[in-house]
S.K.: 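Take this structure first; my questions come after.
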Amino acid sequence: MISAEDWKQEQERLDEVTEKLQARIAELEPEVTGLHEQVTGIRKQFWEEVTVNTSTDEDFEETFYSIRQQEALLSERERSHRLRAQQWKSMKRLLSSPYFGRIDFHEDGLGFVEQVYIGVSSFVDADGLRFLVYDWRTPIASMYYDHSPGAAGYDTPGGPITGTMTLKRQYQIREGQLRNVFDTSVTIGDELLQQVLGKGADHQMKSIVATIQKEQNAIIREDKSRMLIVQGAAGSGKTSAALQRVAYLLYTHRERLKADQIVLFSPNPMFNSYVSTVLPELGEENMQQTTFQEYLDYWLGHTFRLEDPFDQIEYVLTEHAGQGYEARVQGIQYKASAAFLQALRNYAERLEQAGMRFQSIRFRDRDLIPAERMEAKFYSYDPSIRMTNRIALLQEWLLRELVSLEKKEREELWVQEELDYLDKDQYAEAFQRLHKDRGVFDFAEQYEEVQERLQGERRPDEADFDYADREEQMLRRMIVKEQFKPLKRSVKRMKFIDMVGLYSQLFAEGETFREITGHAEIPSLWTEICGQTREKLDRLELFYEDATPYLYLKELIEGVRTNTEIRHVFIDEGQDYSLFQYEFLKKMFPRARMTVLGDFGQAIFAQATELYGGDSPLVRLYGEAETNLFRLLRSYRSTREIVEFTRSLLPDGQEIVPFERIGLKPFLCDAGSGERRAARIAEHIAALQAEGFVSIGVVTKTAAESQEAYDLLMSQGCQGLKHVTKNTPSFEQGTLILPVYLAKGVEFDAVLIYDASSRTYHRESERKLFYTACTRAMHRLLLYAAGEWTPFIRELDRSLYEIEEG
């Protein structure tokens, strides 16, 4: 703590800043309100202030400039209102807690020491010359996170600044009142971090700007690499650091980077709601948030019924005894591999010589353009032309052919039948549409008709007769054109390519696959994998492991649908993505930098990717020169006792460093039968709720087990239970029952592992799943079993937990 005199001075300065904030808010409020009213008024009166007259060129020009003038006025008022409103919101945010840190810095060559107070946004004195509060993202504020008192410095656009830090101080301010002040020689003093981490879990993630650690700050401010990989232990703050990184990027590059140019791929929709308040809390708009499954549904959902990753993991966890299980698991792993990626590339190259498949364009139960004719045309192009360019040439040819066929179709009998069934209203409407939509071709016909009449080459009676004939031709043209629109639309959408057939062709048999992919290595159960895949494709369904390879092959053939607007892609739980998915994202967002966060210790999906190390496919994605790797080994989420227990579950877990926050050891309850176990869990939930824990997670292995737990606990009269499924839209506080794969990325005050017996967790492949479940706990971890404990617990040192025998 600081001296009484220092405390008095700090309180006086806080009162001064609070007073100036209140004055600035009072000053801005009428401006914000007034500008808002002006904008609303201009919008309402926009057309009243504009005289629209297009009678002459001069009138049209005057109207144009009048509109432009009103538009410019509206734009200026909206910009002013936006800036003032932003300032006003920043001041309101600062009011209850203007700053959280201070450093005193003596810059080399200057004769004074500057006091730098740091908060969530900047606040400048009325004269505009003195910073009362510096935004945490400013270059000078980086010293607060990176340095201890002594030699210090920071980088600026004009070069590095060096000097001496003479003081580092941290504050807890609530509602304008000074609660605690700490002087420290490290980034964040244990006292402050202990208090922050000791709080209960919330239903939404909060900003960590007041407690950013040095290693997290390096991630937040890294601004050079194309690929940033963060391998972080459970609870190491990697997701929090990534969200602060987004805020930092938006602040640093505010002139050229907007929130909608950043996209976050989350592990599930519920997680999106969990992190949705962090950026608004820091005064920034939320970035785009989605899941990779939503992306797949967007591109493939109209063709296939897609399996999602949660159904896939349910299969892997529950169907061990089912027929074809080993083949399916082999298929999942192979279809996520670099070998299969290369096989698809080889396949696409081979299709340039032979094997392309097309779908005939059919019209009224007949082939207008047969698939064989398309194939012949495709392979008639110069073999040196790339696949995607040949497809584009074929597409152009098909559209020309449809135009020609459309003209011939006008004389078919069915067109006359359509004409005969037109009633008067339809006829009048069609005739009106024809005249309204007449294009250049019709204009030319009119011109020729006028010329013929002027030159006496057409008699009036012939003209009248010819007009009726032309009227019929115009109606025929309209009818056929409407019928051909879907055909042209399907050609523009590349529907003439038999993509299902092309992908299915890969799984004909082992020797065929080797031949068409350059003698690629295949799994031992390839024949069974092929049968499973073809069976799905025949029903227009896709396994989850097939969705991205299918989409990747589609892009190799049709061309990549790129999004050049996105500049930063963030991927959470990155270890659960396959190499295919990373390759696809790289192609889809060619101008984007990528930040990948994950923990290979929580790699619970069969297609998991190693994030860290020279052999990581992520390092190869952009190359070592464009890649920066960070490791976060200190775990802040859980108490020391819980971290020591959970890190012992992993072979290399001892490198994980617990934060010194003391609590109770994990508690093991040998509960006997299922009903007795449910009764004990209900008792413990009630006790935890009585202690004040408001966020409790009952974590199960599978969805079926979570349903069982919910039903049993409800029968025990357990209060406030919420059953979470893959369709749950948002994360809420309370007592949640959920499978472990939906708990990834979130945390609870207390976690109760519903069944930690060897019956549920006994395979080595389930070790990381069990570790993930246990690491969700912040303050309490309780585990239950009806029978023998999982071998993951039996192999632990007995001193790491307390146990209650049944």
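The figures here come from the full heavy-atom set of this structure, side chains too, leaving out hydrogens, waters and symmetry mates.
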S.K.: With side chains defined as the heavy atoms from C-beta onward, is the minimum distance between Leu585 and Phe292 less than 4.5 Å?
M.R.: yes
S.K.: Under 3.5 Å, is there a donor-acceptor pair between the side chain of Thr512 and the main chain of Ala508?
M.R.: no
S.K.: Taking atom types as modelled, find out whether Thr290 and Glu294 have a side-chain donor-acceptor pair closer than 3.5 angstrom.
M.R.: yes
S.K.: Can you find a side-chain donor-acceptor pair between Gln575 and Glu573 that sits under 3.5 Å?
M.R.: yes
S.K.: Check Ile262 against Ile566 and note the closest heavy-atom contact, atom names and distance.
M.R.: N-CD1, 4.4 Å
S.K.: For Arg534 and Phe507, indicate whether the former's side chain and the latter's backbone hold a donor-acceptor pair under 3.5 Å.
M.R.: yes
S.K.: Is the number of heavy atoms from other residues, nucleotides or ligands within 6.0 Å of CD (Gln342) greater than 12?
M.R.: yes
S.K.: Return the orientation label for the Tyr295 and Phe589 ring planes: parallel under 30°, perpendicular over 60°, tilted otherwise.
M.R.: tilted
S.K.: Between Phe378 and Phe358, does the ring pair (Phe, Tyr, Trp, His ring centres under 6.0 Å) criterion hold? Intermediate values first, please.
M.R.: CA-CA 10 Å; Phe378 177 81; Phe358 299 99; 5.7 Å; yes
S.K.: So, does Ser360 use its side chain to make a donor-acceptor pair with the main chain of Ala371 at under 3.5 Å?
M.R.: yes
S.K.: Do the side-chain N and O atoms of Arg256 and Gln261 include a donor-acceptor pair separated by under 3.5 angstrom?
M.R.: no
S.K.: Below 4.5 Å, heavy atoms only, C-beta onward: do Tyr582 and Leu618 meet side chain to side chain?
M.R.: yes
S.K.: Check the pair Val316, Ile332 against side-chain contact (heavy atoms from CB on, under 4.5 Å), reporting the backbone distance first and the verdict last.
M.R.: CA-CA 10 Å; Val316 171; Ile332 291 171; 3.8 Å; yes
S.K.: Using atom types as modelled and distance alone, determine if a side-chain donor or acceptor of Arg410 lies under 3.5 Å from a backbone N or O of Lys481.
M.R.: no
S.K.: About how many Å separate CD1 of Ile361 and NZ of Lys495, when rounded to the nearest 0.5 Å?
M.R.: 13.0 Å
S.K.: For the atom pair CZ (Arg357) and CD1 (Ile497), what is the distance rounded to the nearest 0.5 Å?
M.R.: 13.0 Å
S.K.: Check this for me: Arg386, atom CZ, are more than 12 non-hydrogen atoms of other residues, nucleotides or ligands nearer than 6.0 Å?
M.R.: no
S.K.: Using atom types as modelled and distance alone, determine if a side-chain donor or acceptor of Glu314 lies under 3.5 Å from a backbone N or O of Thr702.
M.R.: no
S.K.: If only atom types and distance count, is the side chain of Gln532 paired as donor or acceptor with the main-chain N or O of Gly324 below 3.5 Å?
M.R.: yes
S.K.: Do Trp526 and Gln330 have a side chain donor and acceptor closer than 3.5 Å?
M.R.: no
S.K.: Can you tell me how far the CE atom of Met227 sits from the CE atom of Met594, to the nearest 0.5 Å?
M.R.: 5.0 Å
S.K.: How about Leu393 and Ile385: do any of their side-chain heavy atoms sit closer than 4.5 Å?
M.R.: yes
S.K.: Looking at the rings of Tyr325 and Tyr315, which for Trp means the six-membered one, are their centres under 6.0 Å apart?
M.R.: yes
S.K.: Just do the side-chain contact (heavy atoms from CB on, under 4.5 Å) check on Ile369 and Leu405 with the steps written out, would you?
M.R.: CA-CA 9 Å; Ile369 308 176; Leu405 291 167; 3.8 Å; yes
S.K.: Answer whether the closest heavy-atom distance between the side chains of Phe363 and Glu406 falls below 4.5 Å.
M.R.: no
S.K.: Sub-3.5 Å donor-acceptor pair from the side chain of Ser380 to the main-chain atoms of Lys377, do we have one?
M.R.: yes
S.K.: Are Lys407 and Glu412 close enough, and set up right, to give a salt bridge (charged side-chain N to carboxylate O under 4.0 Å, His left out), and what steps lead you there?
M.R.: CA-CA 10 Å; Lys407 291 178 181 178; Glu412 293 294 323; over 6 Å; no
S.K.: Could you tell me if the side chain of Lys701 sits less than 4.5 Å from the side chain of Leu769, heavy atoms only?
M.R.: yes
S.K.: Once you round to the nearest 0.5 Å, how far does CZ of Arg345 lie from CG of Leu553?
M.R.: 12.5 Å
S.K.: Between Glu515 and Arg350, does any NZ, NE, NH1 or NH2 come within less than 4.0 Å of an OD or OE carboxylate oxygen?
M.R.: yes
S.K.: Could you please spell out the steps behind the side-chain contact (heavy atoms from CB on, under 4.5 Å) verdict for Gln395 and Val491?
M.R.: CA-CA 7 Å; Gln395 184 185 49; Val491 169; 3.9 Å; yes
S.K.: Run through Gln333, Lys335, Gln312 and flag the one making a side-chain hydrogen bond (donor to acceptor under 3.5 Å, both in side chains) with Glu545.
M.R.: Gln312
S.K.: Just so I know, are the side chains of Trp299 and Arg561 near enough to count as touching, which here means a heavy-atom distance under 4.5 Å?
M.R.: yes
S.K.: Measure the spacing between NZ of Lys587 and CD of Glu555 and express it to the nearest 0.5 Å.
M.R.: 8.5 Å
S.K.: Hey, mind stepping through Arg593 and His568 against side-chain contact (heavy atoms from CB on, under 4.5 Å) and telling me if it holds?
M.R.: CA-CA 5 Å; Arg593 297 171 183 265; His568 285 270; 3.6 Å; yes
S.K.: Should Asp546 and Lys536 count as an ion pair when the cut-off is N to O under 4.0 Å?
M.R.: no
S.K.: How close do Gln505 and Ile516 get, counting heavy atoms only, and between which atoms?
M.R.: O-CD1, 4.0 Å
S.K.: Are there over 12 heavy-atom neighbours, none belonging to Glu285, within less than 6.0 Å of that residue's CD?
M.R.: no
S.K.: Would you call Asp572 and Lys744 a salt bridge, using N to O less than 4.0 angstrom?
M.R.: no
S.K.: Do you know which of Phe580, Phe543, Phe340 makes ring pair (Phe, Tyr, Trp, His ring centres under 6.0 Å) with Tyr334?
M.R.: Phe340
S.K.: I'd like to check the side chain to side chain contact (heavy atoms under 4.5 Å, CB included) partners of Pro739; sequence neighbours left out, ordered by chain and number.
M.R.: Thr700, Ser706, Tyr741, Leu742
S.K.: Count the heavy atoms belonging to other residues, nucleotides or ligands that lie under 6.0 Å from CD of Gln323, then report whether that count exceeds 12.
M.R.: no
S.K.: Evaluate the salt bridge (charged side-chain N to carboxylate O under 4.0 Å, His left out) criterion for residues Arg328 and Glu528: first the C-alpha distance (whole Å), next the side-chain angles of each, then the deciding distance (0.1 Å), finally the verdict.
M.R.: CA-CA 8 Å; Arg328 174 76 196 280; Glu528 199 171 349; over 6 Å; no
S.K.: Using every non-hydrogen atom in the two residues, find where Tyr347 and Thr517 come nearest and quote the distance to one decimal.
M.R.: CB-CG2, 4.1 Å
S.K.: Got a second to check how far Gln581's CD is from Thr548's OG1, nearest 0.5 Å?
M.R.: 4.0 Å
S.K.: State whether the side chain of Thr728 and the backbone N or O of Ser730 hold a donor-acceptor pair below 3.5 Å, judged by distance alone.
M.R.: no
S.K.: Check whether Asp367 reaches the backbone of Pro370 with its side chain - one donor and one acceptor, N or O, closer than 3.5 Å.
M.R.: no
S.K.: Would you check if Tyr379 and Arg390 make a side-chain contact, meaning some heavy-atom pair closer than 4.5 Å?
M.R.: yes
S.K.: Is Lys586 salt-bridged to Glu583, going by a charged N under 4.0 Å from an acidic O?
M.R.: no
S.K.: Hey, do the aromatic rings of Tyr503 and Tyr550 have their centres closer than 6.0 Å?
M.R.: yes
S.K.: Please confirm whether the backbone N or O of Glu565 pairs with a side-chain atom of Asn563, one donor and one acceptor, at under 3.5 Å?
M.R.: yes
S.K.: Would you say the side chains of Tyr544 and Gln293 form a donor-acceptor pair under 3.5 Å?
M.R.: no
S.K.: What closest approach, in Å, do Thr291 and Ser266 show between heavy atoms, and which atom pair accounts for it?
M.R.: CG2-O, 3.6 Å
S.K.: Under 4.5 Å between any side-chain heavy atoms of Arg476 and Gln416, yes or no?
M.R.: yes
